[in-house]
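Just so it is clear, the values below take in all heavy atoms, side chains as well, and ignore hydrogens, waters and symmetry mates. So you know, we letter chains A, B, ... as the sequences are listed, proteins then strands, and number each from 1.
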Amino acid sequence: MEYTIDELMAVTMARLIKDGDVVFHGVASPLPMVASRLAKLTHAPNSVYFAGTGGAMNPTPPFLPTMTQDAVLFEGAEAILTVDYIFNLAARGEMDVMYFSGGQIDKYGNLNNSLIGGIDDIKVKLPGGAGGANLSCEVNKFIIWTTRHRKRVSSSGREIYTLVDKVDFITSTGFYQGGDSREKLGIHGGGPYKVVTELCVFGFDEKSKIMKLETVHPDVTVEDILENTMFTPVVPDEVGVTSHPTEEELEILRNEVDPTGIRKLEFPKDELKRKFEI
Amino acid sequence: MGVFPESDKKMSLEDAAKLVKDGDIIAFGGALSVREPIAFIRELIRQRVKDLHTVGTAHGFDIDLAVGGGIVKYVQNTYVGFEFDFGLAPNFRRAVEKGEVISKEDGCNSLIYGLRAAALGVPFLPHLNFETSDIMKLHPEFKKFKCPITGQTLIAIPALEPDVTVLHARIADKKGNTIISKPYVADILMARASKKVVVTAEKVVDRLDREPHIPYFEVTAVVEVPYGAHPTALYPDYTYDKDHMGEYVRLARDPDNFQQYLDKYVFGPKSHEEYLELIDIEKITNWKTW
């Protein structure tokens, strides 16, 4: 059975949810939306899914929308709660899993969703981190995802990385300056848990808190990771290959969770040409 | 919160917009693609209000239109964009990059704590520590302090009291009792935190026959504006107008072209009824049959 990178990422992200977890994602989050629903329909039926800031709890949408306040995402919800209810949950330490992405992601998992350049010299204004600044200091763990790990070349010939040594602006806090710097300041929550990209999966080194390569996707080498990452991640002697989705996961993903394919919207077109075989 | 005991607050869009003064802190209800008070924002642009300071969680069309219409100085929303429909908000991005508008980007929870402090009538609320976020640098008013009970570091979020909150509702009565529609987002909290509340509603009746989400005495003015959230949605009555938003974003990417949008949809129509003639109501109301 053939499958594509969007499906590998969605399944990989879904498998990070445990049965019974309280799960939340924010705005502009197609893959987290897909992963949260998929987990609930496969291995984590008792996970509690809050679908974006619209506050729908455990909805059963017939397909997933491109905007997180679309009524489709409220279909079949067991409750629709106000936005502050969800944030209270997180502040009390009862939100298990949250997903964040970023225009820049640094080696400690700090995320920039706010601006490229400096506060007094903004080159690019990004849309903003929404709940991230607070939630990253509250939720029990967060999963970072990006579909733009691969470095690009700007029109002026400069290399642009998403995975950078240092972000221009910390919107959401990862392991801050590494080591125990986050803990020492008394920041709540467990910080970043995994980083899932279109090339690989990282965890974090226990001591330094620098990203540590865990698995590469089936068509990717360790060299590819080093070339596309601005910093040097921790690379163990043995690096595994990301597990294939099962046929059952793929069928539920394609037919029940995301029949219109919003998961593909996050990817540059060329990435979607990558084919994998179970 | 203000207390407005009057029994008939129905007024025109023009008069209600005059309640907003230059430099006001203003909260728009709804979020992203849903239930934003867009007809009211068009009227603010026509009245050429200046230097507004917007506050709110994740928004999109409302803030970008207000910025493009030249009525905003500070944006304290936590996200401004069009998600995976159209991405970045063109007017907002351009104005911030040029320095014409100042981004005071906030986090959703710290923003909510500010509103909640205002609603509770306390000077601040303590928030769990997030001093590691550079969002703190955009908010010198957030103060780090030591908790007198536990000794842990907390952040004091000062009360954030909007001068005006503007909500678009499904139905209201002339006294101001208001029923919004799901998703509620932060509307009820915004109303409770604000000095004044303007409700624009699809329909204004003499007296509601149901319990309201927002009781009348919190409401300053009521305006009947059918399809007043267009091109954002008011579920279940109508969905968001994706084609219109697409046209908007395409034009807004270039400031000269954006003037065409303003001329056609903001300054062109002589009344809200004339505006409605420009849009495809059939398409947005029949969304359940798509």
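- Taking A:P65, A:A90, A:G189, A:G129 one by one and counting their heavy-atom pairs under 4.5 Å with chain B, the maximum is reached by A:G129.
- Interface summary for chain A: among B:I112, B:L88, B:V185, B:L189, the most heavy-atom pairs under 4.5 angstrom belong to B:V185.
- Residue contact with chain B, scored on non-hydrogen atoms closer than 4.5 Å, involves the side chain of A:I119 exclusively.
- Here the closest non-hydrogen pair linking B:C108 and A:G131 is SG-N, 3.3 Å.
- For chain B, the nearby parts of A:F169 are the backbone and the side chain; heavy atoms of each come within less than 4.5 Å.
- For the set A:L111, A:I86, A:V124, A:I80, the count of heavy-atom pairs under 4.5 angstrom toward chain B peaks at A:V124.
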Which atom pairs, one donor and one acceptor, sit under 3.5 Å between chain A and chain B?
residue	atom	partner	partner atom	Å
A:A28	N	B:E83	OE1	2.8
A:T66	OG1	B:D85	OD1	2.5
A:T66	OG1	B:K242	NZ	3.3
A:T68	N	B:E83	OE1	3.3
A:T68	N	B:E83	OE2	3.1
A:T68	OG1	B:E83	OE1	2.9
A:T68	OG1	B:E83	OE2	3.4
A:A71	N	B:Y235	OH	3.4
A:N88	OD1	B:R116	NH2	3.1
A:S114	OG	B:E105	OE1	3.1
A:S114	OG	B:E105	OE2	3.0
A:K125	N	B:E97	OE2	2.8
A:K125	NZ	B:E105	OE1	2.9
A:P127	O	B:V80	N	2.9
A:G129	N	B:T78	O	3.4
A:G129	N	B:E105	OE2	2.8
A:A130	N	B:T78	O	2.8
A:A130	O	B:C108	N	3.2
A:N134	OD1	B:C108	N	3.4
A:N134	OD1	B:N109	N	2.9
A:N134	OD1	B:S110	N	3.0
A:N134	OD1	B:S110	OG	3.3
A:N134	ND2	B:S110	OG	3.2
A:I170	N	B:D134	OD2	2.7
A:I170	O	B:S133	OG	3.4
A:I170	O	B:D134	N	2.7
A:T171	O	B:S133	OG	2.7
A:T173	OG1	B:T132	OG1	2.7
A:L185	O	B:N129	ND2	3.1
A:H188	NE2	B:Q152	OE1	3.2

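- Pairing each heavy atom of A:A133 with each of B:F130, the nearest pair is O-CB, 3.7 Å.
- Heavy-atom distances place no part of B:A233 under 4.5 Å from chain A, backbone and side chain included.
- Contacts of B:L138 with chain A are made by side-chain atoms alone, with heavy-atom separations under 4.5 Å and no backbone atom involved.
- Interface remark: B:A89 contributes no atoms to any contact with chain A (heavy atom separation under 4.5 Å).
- Of the residues considered (A:G132, A:A91, A:A130, A:G128), A:A130 shows the highest number of contacts with chain B, using heavy-atom pairs under 4.5 Å.
- Of all the listed residues (A:G117, A:G55, A:A56, A:P30), the one sharing the greatest number of non-hydrogen pairs under 4.5 Å with chain B is A:P30.
- The greatest number of non-hydrogen atom pairs below 4.5 Å with chain B, out of A:C137, A:A71, A:G186, is found for A:A71.
- For A:V72, no part sits under 4.5 Å from any heavy atom of chain B, backbone or side chain.
- Most heavy-atom pairs under 4.5 Å with chain A, from the set B:L115, B:L111, B:I135, B:I188: that is B:I135.
- Interface remark: of the candidates A:I122, A:L81, A:L126, A:L185, A:L185 forms the most heavy-atom pairs closer than 4.5 Å to chain B.
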